Amino acid sequence: MREDVARTAAFYKAIDALAPDAVVLDLGTGALALLARRAAKAGARRVYAVEASKFAAQEASKVLENKDPVSVILGRSQEIHLPEPVDLVVHEILGEIASREGVVTSLLDAERFVSPAAKLQCWSVPSGAQTMIAPAEMPTPRYFENFRARTGTFLAMPAAGTRMLRFPNLPVSESILAEPQIFEDLKWGKACSMKIHQRRLTRFRVTREGLLSGFVFFIMVHFPVDIAPVSSADEESHWANSFCTVDRPVTVTPGDFLEVESEVDLSSDTPTYVLAAKLRRMGGEVENLMQRYVFH
């Protein structure tokens, strides 16, 4: 996270606005305790930095040197108790599909620590996230060449038949064949209600000709106090992009429609996702692109 300038700046700006004189809970503080340290610097009265990994908690303690007002607590949020209510929860436990790392169950549990007064206003940084989905082409050979030149790391072309792929620093806008739409919608704080089971029937109108190879995902992270969202569609983002391939690539043209049925089950630490897709040609022909595919 430290190397992701846009992401870190947005988190810091929100914390600077909301943490002064507040009791803050940092969920998943990590070895560097970046958000806990920022909350302390912003003037938080007390910061509880919670970390499930013993190694990361030990490293965070070294970084913080147990200086007030920060206390490092080892354990998962569901297993701990705090000596006082909190005014603000900060966290960066978002995955390449936003809910994938268990943020929903963690935040639903963490709400028990939030004071009644804080629940009447925004108590979470970030305040929400959306995972977006769009039909897309496979990255070009130029993407793999640029990635190697940029990072010094060789990224192999995916093997044929691999269903779920992962592309770091993907130029999403160059790959998509239609306007992105919502795959899942996550909200926290200020009496927001979030659906734990989300089902959608989404229609994409193809806007340019291309070889449809699958569906690309990216996340939009939202913040309180009028801070612009941060997106993993940004090529500079340190979040990679998940890519779900169709049964076989197919050429699409403007005016074609793609129908995607999706399900998201957020009831456990390991969410379940379902996708099925059809192509409807302008002439009326229908092709199945992907039967019901379940993944985590």
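Here the structure is a predicted model, which is why all the values come from computation and not from measurement.
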### Query
What's the verdict on salt bridge (Lys or Arg N to Asp or Glu O under 4.0 Å) for E145 and R142, showing C-alpha distance, side-chain angles and the deciding distance?
CA-CA 5 Å; E145 294 165 4; R142 180 168 57 87; over 6 Å; no

### Full working for salt bridge (Lys or Arg N to Asp or Glu O under 4.0 Å) between R208 and E137
CA-CA 11 Å; R208 68 177 180 87; E137 296 180 300; 2.9 Å; yes

### Task
Could you go through the salt bridge (Lys or Arg N to Asp or Glu O under 4.0 Å) check for R200 and E184 one step at a time?
CA-CA 9 Å; R200 288 179 172 84; E184 63 174 359; over 6 Å; no

### Query
E59 and E51: side chain to side chain contact (heavy atoms under 4.5 Å, CB included), yes or no, with the steps?
CA-CA 10 Å; E59 292 300 305; E51 176 54 55; over 6 Å; no

### Task
For W123 and L107, run side chain to side chain contact (heavy atoms under 4.5 Å, CB included): C-alpha distance rounded to whole Å, both residues' side-chain angles, the deciding distance at 0.1 Å, then the answer.
CA-CA 11 Å; W123 55 263; L107 265 290; 3.7 Å; yes

### Query
Stepwise, does the side chain to side chain contact (heavy atoms under 4.5 Å, CB included) test hold for V5 with E236?
CA-CA 9 Å; V5 176; E236 302 300 319; over 6 Å; no

### Message
Using salt bridge (Lys or Arg N to Asp or Glu O under 4.0 Å), reason through E65 and R37 one step at a time and then give a plain yes or no.
### Response
CA-CA 11 Å; E65 298 179 342; R37 288 160 56 193; over 6 Å; no

### Message
Please determine whether side chain to side chain contact (heavy atoms under 4.5 Å, CB included) holds for the pair S231 and M132, giving the CA-CA distance in whole Å, both sets of side-chain angles, and the decisive distance to 0.1 Å.
### Response
CA-CA 10 Å; S231 174; M132 309 299 291; over 6 Å; no

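Atom CG of L155 sits about 5.5 Å away from atom CZ of F144, to the nearest 0.5 Å. In this structure, CD1 on I219 lies 4.0 Å from CH2 on W239, to the nearest 0.5 angstrom. Rounding to the nearest 0.5 angstrom, the gap separating the CZ atom in F243 from the CG atom in L170 is 8.0 Å. One finds the CG atom of D21 at 5.5 Å from the CZ atom of R45 (value rounded to the nearest 0.5 Å). Taking CZ of R46 as the reference point, atom CG of D87 lies at 13.0 Å (rounded to 0.5 Å). Between the CD atom in E261 and the CZ atom in R292 there is a gap of 9.0 Å [rounded to 0.5 Å].
For D269 (side chain) and T105 (main-chain N/O), no donor-acceptor pair under 3.5 Å exists by modelled atom type. In terms of modelled atom types and a separation under 3.5 Å, the side chain of E101 and the main chain of V103 share no donor-acceptor contact. Formation of a donor-acceptor pair under 3.5 Å by the H296 side chain with backbone atoms of P271 is found in this model. Between the N288 side chain and the K278 main chain, no donor and acceptor come within less than 3.5 Å of each other. Using a distance-only test at 3.5 Å, with no hydrogens or angles considered, no donor-acceptor pair links the side chain of N146 to the main chain of Y143. Using modelled atom types, one side-chain atom of T245 and one backbone atom of T162 make a donor-acceptor pair closer than 3.5 Å. Remark: side-chain polar atoms of T207 are paired, donor with acceptor, to backbone N or O of L177 under 3.5 angstrom. Judged purely by atom type and a 3.5 angstrom limit, S213 has no side-chain atom pairing as donor or acceptor with the backbone of P249. No donor-acceptor pair closer than 3.5 Å links the side chain of E259 to the backbone N or O of R280.
Linking Ile, Leu, Val, Met, Phe, Trp and Tyr residues whenever their side-chain heavy atoms come within less than 4.5 Å leaves L74 and F113 in two separate clusters. Both M164 and L212 are part of a single hydrophobic cluster, where members link through side-chain heavy atoms under 4.5 Å apart. Cluster membership for V250 and V260, using ILVMFWY side-chain heavy atoms within less than 4.5 angstrom, is shared. In the hydrophobic cluster analysis, where Ile, Leu, Val, Met, Phe, Trp and Tyr join through side-chain heavy atoms closer than 4.5 angstrom, F204 is grouped apart from L211. I182 and V216 fall within a single hydrophobic cluster, where Ile, Leu, Val, Met, Phe, Trp and Tyr side chains are chained together by heavy-atom contacts under 4.5 Å.
Counting heavy atoms from C-beta on, the side chains of L165 and M138 come closer than 4.5 Å. Counting heavy atoms from C-beta on, the side chains of D26 and V70 never come closer than 4.5 Å. Using a 4.5 Å cut-off on side-chain heavy atoms (C-beta onward), L94 and S232 make no contact. Taking 4.5 Å as the limit, some side-chain heavy atom of H222 sits within range of a side-chain heavy atom of P229. D265 has its side chain out of reach of E263: every pair of non-hydrogen atoms, C-beta onward, lies at least 4.5 Å apart. Counting only heavy atoms from C-beta outward, the side chains of L279 and V246 never approach each other to under 4.5 Å. The side-chain heavy atoms of E179 and R205, taken from C-beta on, include no pair separated by under 4.5 Å. Under the 4.5 Å side-chain criterion, counting only non-hydrogen atoms from C-beta, R100 is in contact with F295.
Atom CZ of R199 is surrounded by 12 or fewer heavy atoms from other residues, nucleotides or ligands within 6.0 Å. For R148, the CZ atom counts as loosely surrounded, since its 6.0 Å shell holds 12 or fewer non-hydrogen atoms of other residues, nucleotides or ligands. For R150, the CZ atom counts as densely surrounded, since its 6.0 Å shell holds more than 12 non-hydrogen atoms of other residues, nucleotides or ligands. Few gaps surround CD on E79; more than 12 heavy atoms of other groups in view lie less than 6.0 Å from it.
For the residue pair S237 / R7, no side-chain donor-acceptor distance below 3.5 Å is found, with atom types taken as modelled. Checking S124 against H91 by side-chain atom types alone, a donor-acceptor pair falls below 3.5 Å.
Taking the ring axis of Y293 as reference, the NZ or CZ atom of R163 stays within 45° of it and closer than 6.0 Å to the ring centre. A cation-pi arrangement is present between R203 and F257 under the rule of less than 6.0 angstrom and at most 45 degrees off the ring axis.
What you find for V225 and A17 is that their closest heavy atoms are CG2-CB, 4.0 Å. Contact record, P83 with Y48: CG-OH, 3.2 Å, taken as the closest heavy-atom pair. Residues V23 and P85 come closest through the heavy atom pair CG1-O, 3.6 Å. Summarising the geometry of A129 relative to W188, their closest heavy-atom pair is N-CZ3, 4.0 Å, with the distance given to 0.1 Å. Taking all atoms of both residues into account, the shortest heavy-atom contact from S99 to V104 is CB-CG2, 4.2 Å. Annotation for S106 and L27: closest pair O-CD1, 4.1 Å, computed over non-hydrogen atoms.
Taking the six-membered ring for Trp, F223 and F11 have ring centres closer than 6.0 Å.
No option in T29, V24, I15 other than I15 meets the side-chain contact (heavy atoms from CB on, under 4.5 Å) test with L35.
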